[in-house]
Amino acid sequence: MSRSARLFLVTSLVYLGLGLVLQAVAMFDVWLGFNPLAYTSVGSTMQMLLIGWLTQSVMALLYDRLVESPRLVSVIWACLNVGLVLTIIGQPVLALTGSDLVGGLVAMGGLMQMVGGLAFAVELVRALRERPDS
């Protein structure tokens, strides 16, 4: 397995663990009702599992199978994960406080994720063009 693929796979497993723990806590809250504001973390849980785990697992597979000479892997990884951390932390805080500063950080996190996704698409298209037809 390439270093690029391993980076995304290990990161995705961290997000899987965190997402499942957060989901379990939310389900216990549904049952016991100990926090009336527990539903503020639903968006963060979705981000953690969809972008953090699922998307980065697929990226690991594509880096391992298709991309032979990754050029943007560190930029893609940084954009996705810094953006993801900003949105995971910022969404519940924004829901609780409504702060403009936190809202700006959440929006910046979303933009960083978009840039990371677009850079990955560019890297993937480049790899497909360089790959001989089989």
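Everything numeric here is computed off the predicted structure, so don't read it as measured data. Along the sequence shown, residues carry numbers from 1.
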key: Cluster overlap Phe8 with Leu54, hydrophobic side-chain contacts below 4.5 Å   = no
inquiry  = What's the separation between atom CG in Leu9 and atom CG in Leu61, rounded to the nearest 0.5 Å?
reply    = 9.5 Å
key: CG on Leu22 to CE on Met46, rounded to 0.5 Å   = 12.5 Å
request  = Report yes or no: do Ile89 and Leu84 belong to one cluster of Ile/Leu/Val/Met/Phe/Trp/Tyr joined by side chain heavy-atom distances under 4.5 Å?
outcome  = yes
inquiry  = Do Trp77 and Val14 sit in one hydrophobic cluster, given that two such residues count as connected whenever their side-chain heavy atoms are within less than 4.5 Å of each other, even indirectly?
reply    = yes
message = Restricting to non-hydrogen atoms, name the atom on Thr55 and the atom on Ile51 that form the minimum distance, rounded to 0.1 Å.
response = CB-O, 3.5 Å
remark   = Value for CD (Gln23) from CG (Leu18), rounded to nearest 0.5 Å, stands at 13.0 Å
query = Taking all non-hydrogen atoms of both residues, which atom of Leu94 and which atom of Val102 are closest, and how far apart?
reply = N-CG1, 3.7 Å
ask   = In terms of hydrophobic clustering (I, L, V, M, F, W, Y; side-chain heavy atoms under 4.5 Å; direct or indirect links), are Leu7 and Leu13 co-clustered?
value = no
key: CG on Leu20 to CG on Leu49, rounded to 0.5 Å   = 6.0 Å
request  = Would you name the heavy atoms of Ala5 and Met1 that are closest together and state the gap between them?
outcome  = CB-CG, 3.7 Å
Which side-chain N or O atoms in residues 103-114 pair as donor and acceptor under 3.5 Å with protein atoms at least two apart or in another chain?
from, atom 1, to, atom 2, distance (Å)
Gln113, NE2, Gln47, OE1, 3.3
Gln113, NE2, Gly83, O, 3.3
Gln113, NE2, Thr87, OG1, 3.1

Audit row: Met59, Phe120, side-chain contact (heavy atoms from CB on, under 4.5 Å) steps and yes/no = CA-CA 8 Å; Met59 288 176 152; Phe120 179 73; 3.5 Å; yes
Got a list of side-chain donor-acceptor pairs under 3.5 Å for residues 122-130, not counting sequence neighbours?
from, atom 1, to, atom 2, distance (Å)
Glu123, OE1, Arg71, N, 3.0
Glu123, OE1, Leu72, N, 3.1
Glu123, OE2, Tyr63, OH, 2.9
Glu123, OE2, Arg71, N, 3.4
Glu123, OE2, Leu72, N, 3.4
Glu130, OE2, Arg71, NH2, 3.2

key: Ala60 backbone acceptor or donor facing Asp64 side chain under 3.5 Å   = no
Exercise: identify the closest heavy-atom pair between Ser44 and Pro92 = OG-CD, 3.1 Å
inquiry  = Using modelled atom types and a 3.5 Å cut-off, is there a donor and acceptor pairing between side-chain atoms of Ser4 and backbone atoms of Val73?
reply    = no
Transitive ILVMFWY side-chain link Leu62 to Ile76, under 4.5 Å = yes
ask   = Is the shortest heavy-atom distance from the side chain of Ile88 to the side chain of Tyr15 under 4.5 Å?
value = yes
